[in-house]
Amino acid sequence: MTAPIFSNHGCRLNAYETEAMKELAASAGVDNAIVVNTCAVTAEAVRKARQDIRKLRRDHPDAKLIVTGCAAQTEPATFAQMAEVDVVLGNTEKMNPATWAGMAPDLIGQTEPVQVDDIMSVTETAGHLIDGFGTRSRAYVQVQNGCDHRCTFCIIPYGRGNSRSVPAGVVVDQIKRLVDKGYNEVVLTGVDLTSWGADLPATPKLGDLVMRILKLVPDLPRLRISSIDSIEVDDNLMQAIATEPRLMPHLHLSLQHGDDMILKRMKRRHLRDDAINFCHEARKLRPDMTFGADIIAGFPTETDAMFANSLALVQDCDLTWLHVFPYSARQGTPAARMPAVNGKTIKARAAQLRAAGDAQVAAHLHAQQGKTHHILMENPRMGRTEQFTEVQFDSDQPESQIVQAKITGFEGQQLTA
């Protein structure tokens with residue numbers, strides 16, 4: 001028997017679901033198969049998935065090739081028409097044990113080639129399927145899926161469906177089991193994390209979940225939150241930032257732009273000042289807080305002045321870790337019908353943003369010299385600080401443990417200790 005080969009594209013949530021699919025496929029006895037879990041966030045992501053599919057087919061001509069994930073959900077025909085592809089699965093179907101049971105060797109001829117249902121009709125998450133995944137040191141736990149917002153540039157709600165939350169009790173039980181297995185850090189993941197709880201009884205907020213985890217899992221050394229929408233941050237989450245040292249001082253913000261007109265055209269729910277005020281308030285409560293952010297360069301109708309506002313936001317919010325996305329039109333989104341910015345201009349603006357990000361990283365690294373940090377070791381020579389900064393050691397440290405060390409300097413984008 002040949003174990004299935006899995007190729008994952010895209011976000012942490014996709015990686016989480018790939019781990020779940022591995023277990024589902026193994027339980028069903030699926031043999032000699034390749035599974036490509038696609039991403040739809042940009043047209044480039046879809047192109048890379050197609051390229052990967054063609055290469056995997058060349059390398060494994062006799063395997064059954066299964067395509068799933070967000071791109072399979074949003075454009076199933078694109079993949080069904082590829083000669084290399086045998087089966088296309090939607091995002092709901094990929095998390096269903098019955099789907100994988102239908103692909104066991106004795107049933108393989110009966111498999112429907114395209115299994116993609118209406119994602120908007122889904123009302124539950126599959127967060128119970130696995131406890132989490134990650135390295136030996138850090139586990140990722142899905143607490144939410146889908147998104148109720150309709151940003152004009154984004155195809156993801158059509159790949160993920162509406163927002164669904166994993167109940168707090170289920171999340172706490174998962175994290176307890178992970179701590180029992182020796183994990184020292186847990187990261188909460190989702191598509192729109194700050195919408196967690198809106199569909200649950202009594203509509204709790206993300207801050208309520210964070211406080212509950214920290215209270216009910218006292219042995220968890222470090223809790224981390226992945227990407228959040230700052231405008232949706234609730235009072236309890238701000239209280240946790242202020243009072244809970246086990247909540248790591250690193251937040252990745254879905255900002256997308258720094259100009260009010262572009263934010264409105266994106267259908268974002270915050271304005272420039274909202275982002276700046278949140279960063280100032282969070283850093284006032286937690287002086288060692290660092291911020292990452294997603295920023296799009298060259299959104300349709302973006303003028304030089306609008307871009308200048310976005311560039312200035314890097315300093316105004318004192319952002320450290322930038323994810324810069326050159327705008328790429330996604331068919332089927334309102335932004336794709338708006339007046340486009342010249343491709344060379346988009347590329348140049350993205351380069352400017354990345355340069356500003358590099359300068360911010362250098363300033364952050366410089367400021368850490370001489371400080372003592374608690375560092376979670378990802379391998380014997382590299383770990384990460386509370387702010388998620390990489391630290392390189394010149395001697396072996398205990399892997400997956402938290403060690404205390406003084407920062408001696410930095411090389412490239414890594415601290416040294």
Side-chain angles (χ1 to χ4, degrees), residues 6 8 11-13 15-16 18-20 22-23 130-143 171-189 210-227 240-241 243-252 286-292 320-321 361-362 364-417:
F6 285 81
N8 185 71
C11 65
R12 290 285 184 196
L13 189 53
Y16 179 99
T18 294
E19 295 303 309
K22 286 178 185 176
E23 295 193 12
I130 57 171
D131 278 345
F133 82 97
T135 60
R136 285 173 55 193
S137 54
R138 180 180 297 106
Y140 296 84
V141 172
Q142 179 192 354
V143 303
V171 175
V172 168
D173 287 346
Q174 283 185 326
I175 292 173
K176 282 179 177 174
R177 288 194 293 271
L178 290 164
V179 171
D180 287 344
K181 288 177 184 174
Y183 283 98
N184 281 315
E185 184 174 298
V186 166
V187 185
L188 304 183
T189 68
V210 166
M211 295 294 260
R212 188 165 173 180
I213 291 165
L214 292 167
K215 180 182 177 185
L216 297 179
V217 196
D219 294 338
L220 173 67
R222 290 162 63 137
L223 180 66
R224 207 177 274 285
I225 299 172
S226 60
S227 183
I241 289 168
T243 63
E244 292 286 357
R246 291 186 295 143
L247 178 63
M248 293 296 95
H250 168 253
L251 295 172
H252 190 84
R286 189 80 176 266
D288 59 344
M289 180 67 75
T290 61
F291 298 107
T320 300
W321 315 107
V361 172
H364 170 71
L365 297 176
H366 195 269
Q368 304 313 306
Q369 293 181 108
K371 291 185 177 178
T372 298
H373 279 285
H374 292 90
I375 299 154
L376 178 65
M377 298 307 300
E378 295 186 3
N379 62 52
R381 294 291 179 99
M382 195 280 285
R384 289 186 191 264
T385 68
E386 302 91 329
Q387 292 91 356
F388 213 58
T389 313
E390 289 189 4
V391 184
Q392 195 70 35
F393 288 77
D394 56 12
S395 62
D396 286 358
Q397 306 295 316
E399 193 173 349
S400 81
Q401 297 305 302
I402 296 170
V403 302
Q404 189 171 313
K406 189 173 182 178
I407 303 304
T408 55
F410 61 92
E411 290 178 18
Q413 294 205 338
Q414 285 185 324
L415 295 170
T416 54

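These numbers come from the heavy atoms of this one structure, side chains and all, not from hydrogens, waters or symmetry mates. Predicted, not measured: the structure shown is a model, and the values here were computed from it.
- For Gln397 (side chain) and Ser395 (main-chain N/O), a donor-acceptor pair under 3.5 Å exists by modelled atom type.
- In this structure, Lys371 NZ and Leu415 CG are separated by 10.5 Å, a value rounded to the nearest 0.5 Å.
- If you check the side chains of Thr385 and His374, you find no donor sitting under 3.5 Å from an acceptor.
- The minimum heavy-atom distance linking Arg286 with Pro249 is given by the pair NH2-CD, 3.6 Å.
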* To do: In sequence, state the C-alpha distance, the side-chain angles, and the governing distance for Arg384 and Arg138, and then conclude on side-chain contact (heavy atoms from CB on, under 4.5 Å).
  => CA-CA 11 Å; Arg384 289 186 191 264; Arg138 180 180 297 106; 3.8 Å; yes
* To do: Please assess Leu188 against Tyr140 for the test side-chain contact (heavy atoms from CB on, under 4.5 Å), listing each intermediate value before the final yes or no.
  => CA-CA 6 Å; Leu188 304 183; Tyr140 296 84; over 6 Å; no
* To do: Please assess Val141 against Thr189 for the test side-chain contact (heavy atoms from CB on, under 4.5 Å), listing each intermediate value before the final yes or no.
  => CA-CA 6 Å; Val141 172; Thr189 68; 6.0 Å; no
* Given the rule in the side chain to side chain donor-acceptor pair (under 3.5 Å) test, do Thr389 and His364 qualify, once you have shown the distances and angles that lead to the verdict? -> CA-CA 9 Å; Thr389 313; His364 170 71; 2.8 Å; yes
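- Checking side-chain atoms of Arg381 against main-chain N and O of Asp394 turns up a donor-acceptor pair under 3.5 Å.
- The shortest heavy-atom contact between Ala240 and Met211 is CB-SD, 3.7 Å.
- A side-chain N or O of His373 and one of Gln368 form a donor-acceptor pair less than 3.5 Å apart.
- Side-chain polar atoms of Thr408 and Thr416 form a donor-acceptor pair below 3.5 angstrom.
- How far NE2 of His250 is from CZ of Arg222: 12.0 Å, rounded to the nearest 0.5 Å.
- Ile375 is not listed as a side-chain neighbour of Ile402, based on a closest heavy-atom distance of 4.5 Å or more.
- Partner of Ile175 under the side chain to side chain contact (heavy atoms under 4.5 Å, CB included) criterion, chosen from Asp180, Val186, Leu216, Asp219: Val186.
- Residues Val210 and Ile225 are in side-chain contact: their nearest non-hydrogen atoms beyond the backbone lie under 4.5 Å apart.
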* Mind running side-chain contact (heavy atoms from CB on, under 4.5 Å) on Arg212 and Val172 for me, showing each step along the way? => CA-CA 8 Å; Arg212 188 165 173 180; Val172 168; 4.3 Å; yes
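- Atoms CH2 and CG, on Trp321 and Leu251 in that order, are 14.0 Å from each other to the nearest 0.5 Å.
- The closest donor-acceptor contact from the side chain of Arg224 to the backbone of Glu386 lies under 3.5 Å.
- Looking at Glu390, its side chain never comes within 3.5 Å of a backbone N or O of Met382 through a donor-acceptor pair.
- At least one donor-acceptor pair closer than 3.5 Å links the side chain of Asn184 to the backbone N or O of Ser400.
- Checked by atom type and distance alone, the side chain of Arg246 pairs as donor or acceptor with a backbone atom of Leu214 at under 3.5 Å.
- With rounding to the nearest 0.5 angstrom, the CD1 atom of Ile407 is 9.5 Å from the CD atom of Gln369.
- Using a 30° and 60° split on the angle between ring planes, His366 and Phe410 fall in the perpendicular class, above 60°.
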